[in-house]
Structure formats: structure tokens, C-alpha cells
Amino acid sequence: MVSDPATWLEDYGDSLYRYAMLRVRSEPLAEDMVQETLLAAWQSFAQFGGQSSIKTWLIGILKHKIIDHFRKYSQETESLDGFEDHDELLAHSFDADGHWKINLIDWESPDKNLHDEQFWQVFHRCLARLPQNMADLFILRTVEGLSSEECCKVLAIETTNQLCVALSRTRLKLRQCLEIQWFDQG
Amino acid sequence: MLTCKKMTDLLSDSLDVQLPWPKRWAMRLHLTVCKNCRRYRKQLLFMKKMLDSRGKAMQLPETARLRIKEKLAGKTKG
């Protein structure tokens with residue numbers, strides 16, 4: 001059953017599309033990437049060893065297509081490889097004893113922003129500012145619900161402990177951007 | 001005593017996994033005395049809720065689905 005590409009489209013089409021959309025922010029491009037991913041998967045299915053799930057394997061293929069796209073059009077200039085140094089972010093947020101040295105704003109209810117397209121523009125801008133691996137990690141773990149082990153496989157992270165730290169720093173960074181770009185504007 | 005920096009990691013972890021009770025207990029204690037960490041927790045939940053809602057609404061359009069289906073059918077027959 002897993003070797004039927006039509007099944008892949010029904011089972012994983014939405015997941016692949018969501019991931020592509022959150023990264024490239026263009027419907028036609030995201031649709032093309034889903035198509036190219038499924039075609040590439042079909043053509044290389046003989047090499048699929050079954051060490052991961054079909055979904056993880058497909059997401060890995062799509063991830064490389066997204067990287068190729070950004071390399072080609074140079075839309076992402078910072079930190080294409082790996083996770084960037086977080087010292088600056090931590091120094092900005094915490095004092096030497098590890099306590100907050102900034103006052104966090106009390107964000108309003110999510111319901112108020114959910115249908116506000118301006119909020120989503122800011123959100124996507126903040127997501128685009130994350131280093132590539134951080135954005136991938138955040139989307140795959142938070143939106144797609146991939147397990148820690150699956151995320152480690154797709155993103156070539158050695159241990160789940162490293163993944164937890166990277167995810168925590170990603171959330172901290174995204175929070176900081178949203179606060180500056182959106183919540184502190186009013 | 002937990003630091004706020006450590007709390008940010010634990011709060012992030014707690015979104016993904018069930019933490020052991022001693023950690024949960026220590027976090028609860030810290031949250032009772034730290035307004036910033038309470039706000040940080042609220043902000044993490046905000047981002048999670050927003051993305052959950054947004055993600056569910058993001059589906060591959062039917063026209064694209066049909067086009068891809070045809071393309072795949074053409075390839076797999078060949």
C-alpha cells in the first residue's frame with residue numbers, strides 16, 4: 001500500500017503543502033513543490049530503506065527542495081546551515097543569574113489576532129527571519145507534530161536533547177520578534 | 001531554585017512532552033512568584049494556539065490535488 005503514490009497524495013498532501021506554504025509563502029510554488037516531491041519520491045522509491053516513516057521521508061525530500069529554492073533565489077541570507085549562535089539572544093533576555101532582564105508584555109487573546117491578516121504578515125516575516133533549520137524545526141514539531149526522533153532524522157540533529165534546546169531557543173527568538181514587530185506597536 | 005532561563009527551556013519542553021512531576025512541581029512554584037515567566041508561558045500557548053488554528057485551515061487546494069494526481073498517474077503508467 002505504501003508504494004501507491006496516489007495514497008501518498010491523499011495521506012500526506014496537506015502536510016507537505018502546509019510545510020511548503022509556511023516556508024515559501026506562495027501558493028503556486030508550494031503546490032509545485034508538493035508535486036515535485038511526490039514525483040521525486042516515486043522515482044526514488046526503490047532507495048527508500050524503510051528506516052523512517054513514509055511521511056518523514058517525504059518531508060525530508062521536500063526540505064531539500066525548499067533549501068534548493070532559497071539557494072537559487074537567495075531569499076534567505078543568514079545562517080543557511082545549522083543553528084546560529086544564540087548568545088546574543090540570551091544576553092539580551094537574561095541577566096548573569098539567569099533571570100529575565102526585560103519586562104515581557106502581556107499579549108492579548110489569540111482569538112483577537114487569528115483572522116487578522118496583518119498579524120499573519122508579521123508572523124511570516126518573523127518566521128522568515130529565523131535561520132533555516134530553526135524555521136524547519138518549529139514548523140515540523142509545532143505544526144506537523146513530527147516526533148522528536150523524526151525531527152532529528154529530517155534535520156540531522158544528533159540528540160533529542162539538542163533538539164529540545166534548539167526548539168526552546170527558536171520559540172524564544174520568535175517570541176521576541178512578535179513582541180517587537182506586533183505587540184509593542186500598539 | 002529554577003532560573004528563568006531554565007524555565008524557558010522547561011516551558012518549551014512541556015508543550016511537547018509530559019515532564020516528570022518533580023519538574024512540574026518546581027515549575028509551578030516558580031510560576032507563582034515570577035510574572036515574566038507566567039507571561040512567557042502564556043505567549044508560548046498563544047503561538048501554539050495560533051499555529052494550530054492556522055495549520056488546520058491550510059490545505060492543498062482541490063485543483064492542485066487533481067493536477068498532481070493526473071501527473072502522478074501519467075508517470076506511474078509510464
Side-chain angles (χ1 to χ4, degrees), chain A residues 4-6 8-10 13-18 21-22 27-28 30-32 34-35 38-39 42-43 90 93-95 97-100 102-111 113-114 119-120 123 138-139 141-145 147-148 164-165 167-172 174-175 178-179 183, chain B residues 1-19 23 26-27 30-31 33-78:
Chain A
D4 181 356
W8 297 347
L9 178 61
E10 290 310 313
D14 287 340
S15 281
L16 295 170
Y17 179 70
R18 263 195 302 269
M21 265 299 283
L22 284 167
E27 287 182 21
E31 290 169 9
D32 285 348
V34 172
Q35 179 175 297
L38 291 171
L39 285 171
W42 174 246
Q43 283 159 358
L90 295 175
S93 305
F94 303 106
D95 62 21
D97 295 326
H99 294 292
W100 292 104
I102 52 173
N103 277 321
L104 277 69
I105 295 173
D106 192 10
W107 291 6
E108 55 214 343
S109 156
D111 302 329
N113 298 285
L114 187 56
F119 169 82
W120 287 108
F123 180 86
F138 184 73
I139 293 166
R141 191 75 185 90
T142 309
V143 184
E144 288 311 317
S147 71
S148 297
C164 288
V165 172
L167 196 52
S168 176
R169 298 293 175 268
T170 301
R171 284 169 170 147
L172 195 62
L174 196 56
R175 181 217 77 81
L178 285 174
E179 184 150 298
F183 292 100
Chain B
M1 182 65 180
L2 281 177
T3 65
C4 299
K5 192 171 156 186
K6 181 65 183 166
M7 271 296 284
T8 59
D9 289 340
L10 290 174
L11 287 168
S12 174
D13 292 349
S14 71
L15 291 180
D16 303 314
V17 291
Q18 169 89 302
L19 295 173
K23 275 185 181 170
M27 287 168 71
H30 183 100
L31 287 171
V33 296
C34 181
K35 186 167 81 173
N36 264 338
C37 282
R38 285 199 299 275
R39 286 188 171 172
Y40 185 68
R41 178 175 174 271
K42 195 175 164 186
Q43 291 173 357
L44 287 182
L45 292 171
F46 174 103
M47 290 194 282
K48 183 178 166 60
K49 185 173 179 182
M50 291 293 277
L51 266 176
D52 282 349
S53 305
R54 185 75 163 182
K56 278 174 193 155
M58 226 179 258
Q59 295 184 328
L60 185 64
E62 200 52 38
T63 49
R65 195 182 295 271
L66 290 171
R67 178 167 52 83
I68 294 170
K69 209 170 196 167
E70 278 177 24
K71 195 94 175 171
L72 283 170
K75 283 280 177 187
T76 53
K77 274 175 194 163

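We name chains A, B, ... by the order of the sequence lines, and we start the count at 1 in each one. In what follows, every heavy atom counts, from backbone to side chain, and hydrogens, waters and symmetry copies are set aside.
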*If you measure from NZ on K6(B) to NE2 on H30(B), what distance do you get to the nearest 0.5 Å?*
12.5 Å
*asked:* Salt bridge check, R38(B) against D106(A): does any charged N sit closer than 4.0 Å to a carboxylate O?
replied: no
*So which of T8(B), V17(B), D16(B), L10(B) has the largest heavy-atom pair count under 4.5 angstrom toward chain A?*
D16(B)
*Do you know which of L167(A), T142(A), D95(A), D97(A) has the most heavy-atom pairs with chain B at a distance under 4.5 angstrom?*
L167(A)
*Based on non-hydrogen pairs under 4.5 Å, which of R171(A), E27(A), R18(A) is most in contact with chain B?*
R171(A)
*asked:* Between R175(A) and W107(A), is there a side-chain heavy-atom distance shorter than 4.5 Å?
replied: yes
*Between K69(B) and chain A, which part of the residue has a heavy atom less than 4.5 Å away: side chain, backbone, both or neither?*
both
*Calculate, to the nearest 0.5 Å, the distance between atoms CG and NZ belonging to L9(A) and K71(B) respectively.*
14.0 Å
_Is C37(B) close to chain A through its backbone or its side chain, or both, or neither, when contacts mean heavy atoms under 4.5 Å?_
both
*Go through the atoms of L45(B) and report whether side chain, backbone, both or neither lie under 4.5 Å from a heavy atom of chain A.*
neither
*Closest-packed option against chain A by number of heavy-atom pairs under 4.5 Å, given Q59(B), M7(B), K48(B), M50(B)*: M50(B)
_Check the orientation of F138(A) and F123(A). Use parallel for under 30°, tilted for 30 to 60°, and perpendicular for over 60°._
tilted
*Heavy-atom distances under 4.5 Å only: say whether D9(B) touches chain A with side chain, backbone, both or neither.*
both
_Salt bridge flag under 4.0 Å for residues E62(B) and R65(B)_ = yes
*Given the options L22(A), L172(A), I139(A), L178(A), which has more heavy-atom pairs under 4.5 Å with chain B than any of the others?*
L172(A)
*Supply the atom-to-atom distance Q43(B) CD to L174(A) CG, rounded to the nearest 0.5 angstrom.*
11.0 Å
*Considering only heavy atoms, which portion of M47(B) lies under 4.5 Å from any heavy atom of chain A: side chain, backbone, both, or neither?*
side chain
